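What you see is a predicted model; the values in this text were computed from it and never measured.
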Amino acid sequence: MKRCRFVIIVGVVILLFGGMTFLGCATLSPEAGKTKEAITYEVCPSAEITKVDYFMKKYKGAPRLHFTVAIKNISKEPKRYRLQIFLPEGPSSGGFYPRKGKPPVIKPGQEHSRTFPMYFSGPPTGFTMVVKEL
């Protein structure tokens with residue numbers, strides 16, 4: 001009788017674990033466990049982003065994410081631009097292209113590069129860059 005009870009308990013446990021494994025696998029999508037990097041650019045018609053680079057570098061005592069972005073003026077007139085960088089995790093950064101000058105503009109056909117620190121301590125899962133003409 002004890003042996004029969006033991007066999008029944010072991011059989012029920014195997015069925016339960018087998019059923020949970022089968023149901024768990026059936027509910028997983030093919031994309032499960034994969035991260036999708038969402039990169040979006042919103043650039044005004046008179047500008048072109050020619051370089052985007054991100055890296056970790058020490059900033060204010062801790063390793064932080066930095067973006068280097070180059071913008072080229074493809075219009076026939078001198079222009080000034082504003083760049084905004086947004087991360088899905090929350091932090092954002094940005095600035096003016098060029099930052100200063102008399103007048104502060106990028107001449108036609110020229111490009112300007114700047115580096116921006118972000119208060120984020122890991123690689124981004126994606127980012128959005130918005131370039132507006134001023």
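For the atom pair CD1 (Ile71) and NE2 (His112), the distance works out to 9.0 Å, reported to the nearest 0.5 Å. We find the CG-OH distance between Leu87 and Tyr54 to be 10.0 Å, quoted to the nearest 0.5 Å. Atom NE2 of residue His66 and atom CE of residue Met56 lie 9.0 Å apart, to the nearest 0.5 angstrom. In this structure, Phe127 CZ and Leu65 CG are separated by 9.5 Å, a value rounded to the nearest 0.5 Å.
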Distance-only donor-acceptor pairs under 3.5 Å for side chains of residues 93-109, two or more places apart:
from	atom 1	to	atom 2	distance (Å)
Ser93	OG	Pro117	O	3.4
Tyr97	OH	Val69	O	2.7

Can you list, pair by pair, the side-chain donor-acceptor contacts under 3.5 Å of residues 38-45, counting residues two or more places apart and other chains?
none

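In the hydrophobic clustering (ILVMFWY side chains linked at under 4.5 Å, chained through shared members), Ile74 stands by itself. In this structure, Tyr59 belongs to a hydrophobic cluster whose other members, linked by side-chain heavy atoms under 4.5 Å apart, are Tyr119.
Formation of a donor-acceptor pair under 3.5 Å by the Tyr81 side chain with backbone atoms of Asn73 is not found in this model.
For Glu89, the side chain to side chain donor-acceptor pair (under 3.5 Å) test picks out Thr125, with sequence neighbours left out.
Minimum heavy-atom separation, Ser113 to Thr68: OG-CG2, 3.5 Å. The two residues Gly126 and Pro88 have their closest heavy-atom pair at O-CD, 3.1 Å.
There is a path of hydrophobic side-chain contacts, each under 4.5 Å, that joins Val131 to Phe116. Both Met118 and Ile49 belong to a single network of hydrophobic side chains, linked directly or stepwise wherever heavy atoms of I, L, V, M, F, W or Y lie under 4.5 Å apart.
Listed by first and then second residue, the salt bridge (Lys or Arg N to Asp or Glu O under 4.0 Å) pairs that reach into residues 67-87 are Glu77-Lys79, Lys79-Glu133, sequence neighbours excluded.
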